Amino acid sequence: MKLPEATNFIEQIINEELEAGKFEGIGNEIHVRFPPEPNGYLHIGHIKAMCINFGVKDKYHGTLNLRMDDTNPAKEDYEYVNSIVEAVKWLGFEYDKLVFASDYYDKLYEIAEKYILDGNAYVCDLSAEEITATRGTLTEAGTESPYRNRSIEENLKLFREMKSGVYPDGAKVLRAKIDMSSPNVNMRDPIIYRIAHVPHYRTGDKWCIYPMYDFAHPVSDAIEGITHSLCSLEFENHRPLYNWFVERSGLPAPLPRQIEFARLNITNMLMSKRYLKKLVDEKFVRGWDDPRMPTVMGLKTRGVPPEALKKFCADVGVAKAYSVVNQAQLDSCIRDNLNLNAERAMAVINPLKLTITNYGGEEELDFEKNPTNPEAGARPVKFSGSIYIDKDDFSLNPPPKYKRLQKGGTVRLKGAYIVRCDDVKLDKDGNAEELFCTYFPESKSGSTLPCDIKAKGVVQWVDCKYGVDAEFRQYEPLLKDEEYPDQDYAERLNRESEKSFFGKAEPYLKDSANDTPFQLMRTGYYKKCEENGRLVLSEIVSLKDSFNK
RNA sequence: UGGGGCGUCGCCAAGCGGUAAGGCAACGGACUCUGACUCCGUCAUUCGGGUGUUCGAAUCACUUCGCCCCAGCCA
């Protein structure tokens, strides 16, 4: 068979295995899984994991299970499984099956009994504190539990009693019998089952004992016939344990192989579920879909296209080295996508009135919706000679190479005419309050008339008569501190992360039904939404660089 | 200081013994009815350091330094 070209070390490993014929018994089919725990919403870090897993699935024409890793009833809920499914679908990833670790509780229990029967597990009566104390330290071996050598019959009886609910939480646990003096702490008789009289969101109170990740995960992989279990670096130390459980599970070969990769970090983006949950719970943000959140839903409400996110993950790559990607790299992917797809519109954030003294009447001008894509069509823009431009587009003391309007200078009004500023009315503080200009009819946009007037700059504008009020919301990224200071984190988020401006926008923005992202000329990419009948423009990402060079 | 990982341009990242890809950022310049976009050009005599092996090393060996992970009845 001809192998696809590997683009990262994981695919390289898969290619090598395929070449060696490792999966011939199963028709060379690759099976992977994406296993979030339904205890929070998916964030951009998960998108990387999905790109890797779904990427392998697509490249090798394999299958992928979306698996809810729900073995801790205390934290999990349907709210989260629904949000996860929604996020996966919005991103356009197609999984083969939606499965739950909790689907395997019976099977898992059965396999746990097998471990006992094989002498590989025992019931331990030590308290949590005692277990911790006897685990040893990083440099000293642990000591064996006094319950380690109970008979198989006694272990079986005790384990069944644990299951039947006769013991309170914490009274007993089932432990794997491995090696208390292993240099790998994870191998020092890890706990397989704990007692928790907590109802599970799916199985209700059918169970009062729940399997631990270290046992449930590898065995779930084996049950599903997963060939490659891709996870992040912190599980490297668990791999020997993963293999230990899989090899003794009695499940048919081929055994799954765990491969670890470095998780995604982005400057100024906080990706810890714990903190994100805190922000939501303590109402520092409106919810998991708040546009300032790095969650899939936050990115969605912000207007970021899924394709831009996938491109970003592809650009960032997959490796084992710890890394922090510059947010500029994400922004670049978003800009690239939006530049190609987003419609263009005009709006001014700080309106400065500009009156054209030699213009009478009004007219309708044609604007292309997207200069990079003529098929996007055109929209009409009304012009009455009395308009607003942005305060930033006029200067009383222009710096060198200033391209926009100044007294006595000219500028082109985007899509309309070139105007010359004849007079400036100042307010009491000496700032420009209104501009009086003359326009040049022969400079009309698209006109073939000869025109001697030139303008270096182009500015956007909104008609005074037809423009509508708009609110602009600018979002700073979620802030991340090296030290993760709980205290002022949320405070800073509120203080610095959301800014509002009020200005004027084209009526086109208010009227257009769709709320797909668009670009405000020279200002940035925005998403339109309606709040209580108000036009709200939320920033997606700013244009690169720009003003005042 | 036990064990497991990782160290290639400011930030990601290819490279797998034959003489340092690419992306982001930055910096020049061209173009432009968005100071955007696009386009052209510049940006690692060097791969954490050292020592060996070799005709030849980022790639192999040894050594040294630095960073990350592991002692939840979380995942």
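In what follows, every heavy atom counts, from backbone to side chain, and hydrogens, waters and symmetry copies are set aside. Bear in mind that the values here come from a model prediction, so they are computed numbers and not experimental data. Every chain is numbered from 1, with letters handed out A, B, ... down the list of sequences.
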Can you tell me the base-pairing partner of [N]? Count Watson-Crick or G-U wobble geometry only, both distances below 3.5 Å, and say none if there is no partner.
{"N": "B:A26", "answer": "B:U42"}
{"N": "B:G7", "answer": "B:C65"}
{"N": "B:G56", "answer": "none"}

Listed nucleotide nearest any side-chain atom of [X], set [options]:
{"X": "A:T139", "options": "B:C73, B:C11, B:U1", "result": "B:U1"}
{"X": "A:E37", "options": "B:C12, B:A75, B:A26", "result": "B:A75"}
{"X": "A:H238", "options": "B:A75, B:G2, B:C73", "result": "B:A75"}

[X] near the nucleic acid: base, sugar-phosphate alone, or nothing, with a heavy-atom cut-off under 4.0 Å?
{"X": "A:T372", "value": "nothing"}
{"X": "A:R335", "value": "sugar-phosphate"}
{"X": "A:I131", "value": "base"}
{"X": "A:L233", "value": "nothing"}
{"X": "A:G457", "value": "nothing"}
{"X": "A:F235", "value": "base"}
{"X": "A:M346", "value": "nothing"}

For nucleotides 28-30 of chain B, which of its nitrogen or oxygen atoms have a protein nitrogen or oxygen under 3.5 Å away, and what is each distance?
none

Qualifying salt bridge (charged side-chain N to carboxylate O under 4.0 Å, His left out) pairs, either residue in residues 441-458 of chain A, two or more places apart: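 The answer is A:E363-A:K444.
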Nucleotide-resolved protein contact map, nucleotides 13-18 of chain B, B/S/- at heavy-atom distance under 4.0 Å: SSSB--
Heavy-atom donor-acceptor pair, A:E236 side-chain to B:G5 base, under 3.5 Å: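 Looking at the base of B:G5, it does not pair with any donor or acceptor on the side chain of A:E236 (distance under 3.5 Å).
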Quiz item: A:N237 side-chain donor-acceptor pair to B:G3 base, under 3.5 Å: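 Result: at least one qualifying N/O pair found.
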Could you go over nucleotides 39-41 of chain B and give all protein N or O partners under 3.5 Å, atom names and distances?
none

Test salt bridge (charged side-chain N to carboxylate O under 4.0 Å, His left out) applied to A:E224 - qualifying residues, sequence neighbours left out: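 Partners of A:E224 under the salt bridge (charged side-chain N to carboxylate O under 4.0 Å, His left out) test: A:R67.
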A:F394: ring pair (Phe, Tyr, Trp, His ring centres under 6.0 Å) partners, not counting sequence neighbours: none
